[in-house]
Structure formats: structure tokens, C-alpha cells
There are 2 protein chains.
Amino acid sequence: MVDNDDRLSRVFGALADPTRRDMVARLATGDATVGELAAPYDVSLQAVSKHLKVLEEAGLVRRSRDAQRRPVHLDAEVFDLMTKWIEKYRQRAEERYQRLDQVLARMQGKDLATANDDDQQRGAAG
Amino acid sequence: MVDNDDRLSRVFGALADPTRRDMVARLATGDATVGELAAPYDVSLQAVSKHLKVLEEAGLVRRSRDAQRRPVHLDAEVFDLMTKWIEKYRQRAEERYQRLDQVLARMQGKDLATANDDDQQRGAAG
DNA sequence: GTCGTTGTCAACCATGTGGTTGAGTAAACG
DNA sequence: CGTTTACTCAACCACATGGTTGACAACGAC
């Protein structure tokens with residue numbers, strides 16, 4: 001949990017930048033060198049290198065060596081971590097939502113006349 | 001795309017903070033007031049209020065009004081946006097990976113003897 | 001060995017972020 | 001009315017982030 005917490009922060013943080021998401025998108029189609037990745041943007045190579053470092057530290061990317069070149073490879077494994085986290089809380093929220101729907105439906109069916117006393121806000125506050 | 005790009009940045013950015021993820025986790029079990037959300041952490045109420053603003057601007061949360069209280073409600077809809085983005089590139093990366101696996105498997109099956117000439121580095125370099 | 005290519009590291013700068021405190025707003029309570 | 005509760009807004013501060021430029025390292029080519 002503790003370690004994963006840090007990992008999640010890094011991954012989410014890395015993907016919070018549109019340029020970095022763009023690079024991930026590019027890398028999903030195949031490995032690329034730093035220069036190739038930098039080409040579409042009008043920022044310096046150093047800036048791109050920094051972005052790659054962020055992606056690497058988030059575990060989204062690996063860099064190897066090929067002469068002067070540093071081919072970059074997308075490592076999609078950490079995606080699972082995010083997906084699991086997201087799914088967990090999405091499901092919970094949706095279950096809650098459906099329970100609320102049921103409660104409201106039951107209330108409407110049972111006692112439409114007495115339902116507007118003081119009660120239904122508390123269901124949300126709890 | 002343009003609007004979604006900004007939205008994605010905000011959502012990923014919002015979830016890049018462990019405190020905010022924690023709040024989302026808490027809110028998945030039910031709505032809560034700002035004070036209730038602040039209780040577990042030893043930061044000021046103002047800091048929590050700021051976090052909620054970030055979550056709200058990311059579309060993860062909605063705040064309503066109940067007398068002095070501002071009940072916070074988790075809005076899990078934006079999760080879809082993230083999930084779709086993630087799945088898109090994960091799938092591409094995995095497809096690529098599987099194609100590579102097939103190529104390597106075919107190479108091993110076909111000509112194991114001649115395979116160690118110069119070729120299979122591409123697997124590691126990629 | 002020297003040169004060009006490819007990329008990293010270091011220093012710096014502007015802006016953003018998470019935290020603080022202090023003041024102010026909105027509504028219930030007395 | 002004034003007080004209390006629950007919260008937001010504004011100003012400030014330390015540090016992180018994304019960008020820059022300049023120097024330099026690793027390697028292939030000449």
C-alpha cells in the first residue's frame with residue numbers, strides 16, 4: 001500500500017502532462033529514440049529528456065542503449081495499477097448510486113405523500 | 001480532443017496526490033462534509049478545501065449546500081475518460097508485445113541455429 | 001585523434017502546488 | 001441582535017515542475 005501509493009502518485013503525475021501523454025501514445029505504436037520523440041514538439045531536446053525521466057521514474061517507460069541512441073520502450077504494466085485503483089472506487093460509487101436509486105424508487109412506490117418530511121437529505125450526508 | 005486533453009490533465013493531476021486519492025476513496029463509501037473529510041489528516045481545513053477545489057475542477061466531485069455545510073459527492077463519471085485513455089494505449093502496447101512474442105516464437109521454432117546472428121537484440125532494445 | 005551525432009547533466013528562471021495564517025461569509029443557535 | 005459552526009477567499013511561503021541555455025559524455029565516422 002505504502003509503496004504502491006508512491007507509485008500511483010508518480011504514474012498519475014506523469015500522465016497529468018499532455019506532452020507526456022502524447023509521448024506515451026506515440027510509444028504505444030513502437031519504440032522511439034529521444035530525437036524522434038522530440039520532433040513533433042518545438043521544445044528543446046533537454047526538455048523531452050526530462051519528460052522521459054519522469055515517465056521512467058513512474059515505471060511507464062524503459063530506456064536502453066544503442067550506440068549514441070537511447071531507444072525508449074513503453075512499459076504498460078503500471079497501467080494495471082491505475083486501472084485497478086480506478087475500478088475499485090468507480091464500482092463502489094456506482095453501487096452506492098444504484099442503492100440510492102433503489103431507495104428512492106422504493107420511497108416513491110411506498111409513501112409518496114409522507115416522503116417529503118425531513119428525511120431524504122440524511123441519506124446523502126451519511 | 002482539445003477539451004478532453006485538458007480534462008484528462010486535470011483528472012490525472014488531481015489523482016496524483018495521495019491525500020486527494022484518499023479523499024476519493026472515502027467519498028466512494030458515501031458523501032461527506034468538508035470537516036468530515038478533513039478529520040483524518042492533520043492539515044488545516046483550508047488545505048482540505050483547496051484539495052476539494054482541485055477535485056471539483058477535475059470533475060471528480062460535486063459540492064452542494066446544506067445550511068452551513070457543503071456536502072461533497074463523488075462523481076465517478078470522469079473515471080471513464082481515464083479508463084478509456086489507459087485501455088487504448090495499453091491494448092496497443094500489448095498487441096505490439098504479442099506480435100513481437102509471435103515473431104520471436106516463430107524464429108525460435110524455424111531456425112534456432114541461425115537465430116543468434118544479429119537479430120534478436122531488437123527484442124531487448126525495444 | 002578529431003568531428004558530428006545523440007543525448008544527459010547542471011544551473012538558472014518563471015510559474016504552479018501544497019501548506020500556512022488571518023479575515024470574511026453564510027446560516028443555525030441563543 | 002451577537003455567537004458559534006462550517007466553510008471559503010486572500011496573501012504569503014517553501015518547494016516542485018517545465019522550460020531554457022551551456023557544458024560535456026558516449027559513440028560512429030572520417
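Residue numbers begin at 1 in each chain, while the letters A, B, ... track the order of the sequences. For the numbers below, each heavy atom of this structure counts, side chains included, while hydrogens, waters and symmetry mates do not.
The stretch residues 32-42 of chain A touches DNA chain C through T33(A), V34(A), G35(A), each having a heavy atom within less than 4.0 Å of the strand. Near DNA chain D, meaning a heavy atom under 4.0 Å away, there are no residues from residues 52-59 of chain A.
Note: CG (L45(B)) to P (dG22(C)) measures 16 Å, nearest angstrom. The nearest whole Å value for the distance from the CZ atom in R21(B) to the P atom in dG18(C) is 12 Å. Protein atom CG of D66(A) is 17 Å distant from nucleotide atom P of dT5(C), rounded to whole Å.
Between W85(B) and F79(A), the two ring planes are tilted [angle within 30° to 60°].
Annotation: the terminal axes of the helix from dG1(C)-dC30(D) to dG30(C)-dC1(D) meet at 10°, where each axis is the rotation carrying the C1' atoms of four end pairs onto the next four (5 pairs per end, rounded to 10°).
For S9(B), the side chain to side chain donor-acceptor pair (under 3.5 Å) test picks out R21(A), with sequence neighbours left out. Remark: R70(B) pairs with V34(B), R65(B) by the side chain to side chain contact (heavy atoms under 4.5 Å, CB included) rule, at least two apart or across chains. Every residue two or more places apart in sequence or in another chain that forms a side chain to side chain contact (heavy atoms under 4.5 Å, CB included) with E56(A) is listed here: V61(A), R63(A). The salt bridge (charged side-chain N to carboxylate O under 4.0 Å, His left out) test applied to D75(A) returns R62(A), not counting sequence neighbours. Annotation: side chain to side chain contact (heavy atoms under 4.5 Å, CB included) contacts of A38(B) (sequence neighbours excluded): L45(B), V48(B). Remark: E87(A) engages T83(A), R90(A), Q91(A), T83(B) in a side chain to side chain contact (heavy atoms under 4.5 Å, CB included) (not counting sequence neighbours).
Under the side chain to side chain donor-acceptor pair (under 3.5 Å) criterion, the residue pairs touching residues 38-50 of chain B are D22(B)-Y41(B), with sequence neighbours excluded.
Between L37(B) and L52(B) there is a side-chain heavy-atom pair separated by less than 4.5 Å. Contact annotation: the side chain of K88(B) approaches that of R92(B) to within less than 4.5 Å [non-hydrogen atoms, C-beta and beyond].
Side-chain heavy atoms closer than 4.5 Å link hydrophobic residues (I, L, V, M, F, W, Y) into clusters, and following such links, even through other members, never connects V43(B) to V54(B).
Put simply, chain B comes within 4.0 Å of DNA chain D, heavy atom to any atom, from dT5(D) to dA11(D), going 5' to 3'.
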Q) Between L15(B) and M82(B), does a side-chain contact (heavy atoms from CB on, under 4.5 Å) hold up when you go through it step by step? A) CA-CA 11 Å; L15(B) 295 180; M82(B) 279 193 297; 3.5 Å; yes
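In this structure, S44(B) does not reach the dG19(C) phosphate: none of its side-chain N or O atoms is under 4.0 Å from OP1 or OP2. In this model, the phosphate group of dT17(C) is not approached by any side-chain N or O of H51(B) to a distance below 4.0 Å at OP1 or OP2.
Place S49(B) and V48(A) on DNA chain D by their nearest nucleotides, and S49(B) ends up nearer the 5' end.
When all heavy atoms of L55(B) and A14(B) are compared, the closest pair comes out as CD2-CB, 4.1 Å. The two residues Y89(A) and A28(B) have their closest heavy-atom pair at CD2-CB, 3.8 Å. Nearest heavy atom pair, residue A32(A) against residue L27(A), reads N-CD2, 3.8 Å.
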Q: Heavy atoms under 4.0 Å is the rule here; annotate nucleotides 25-30 of chain C 5' to 3' with B where the base is hit, S where only the sugar-phosphate is, and - elsewhere.
A: -SBS--
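Taking CZ of R26(B) as the start and CG of L74(B) as the end, the distance is 11.0 Å to the nearest 0.5 Å.
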